Amino acid sequence: MAAAELDLAALRRFRRRPGMGNLLSRVKPALWAEEYGWHDVERPNGLASSAPSRQWFAERQKEAIRRLYGPDAT
């Protein structure tokens, strides 16, 4: 668990600046499109219609680890 106070106005100013430090403006969204396609939850309101069980979240994490590190990872 983590908690932080974010200065959204400063973040928005930073994201409008060109430069090497602004990763979001440099990375092409298409690079992530396939990965995002795997996860309905990350879409806006992806969990609005139902509340998955704890087991669902655990399996989701295990599957992500398997995709990253192979079938013997979990």
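Remember, predicted model here, so these are calculated numbers, not experimental data.
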Using 0.5 Å steps for rounding, measure from the [atom1] atom of [X] to the [atom2] atom of [Y].
X     : Y     : atom1 : atom2 : answer
Arg13 : Leu8  : CZ    : CG    : 10.5 Å
Trp56 : Gln61 : CH2   : CD    : 10.0 Å
Glu59 : Arg54 : CD    : CZ    : 13.5 Å

Original post:
Are Arg17 and Phe14 side-chain neighbours, meaning at least one heavy-atom pair lies under 4.5 Å?
Top reply: yes
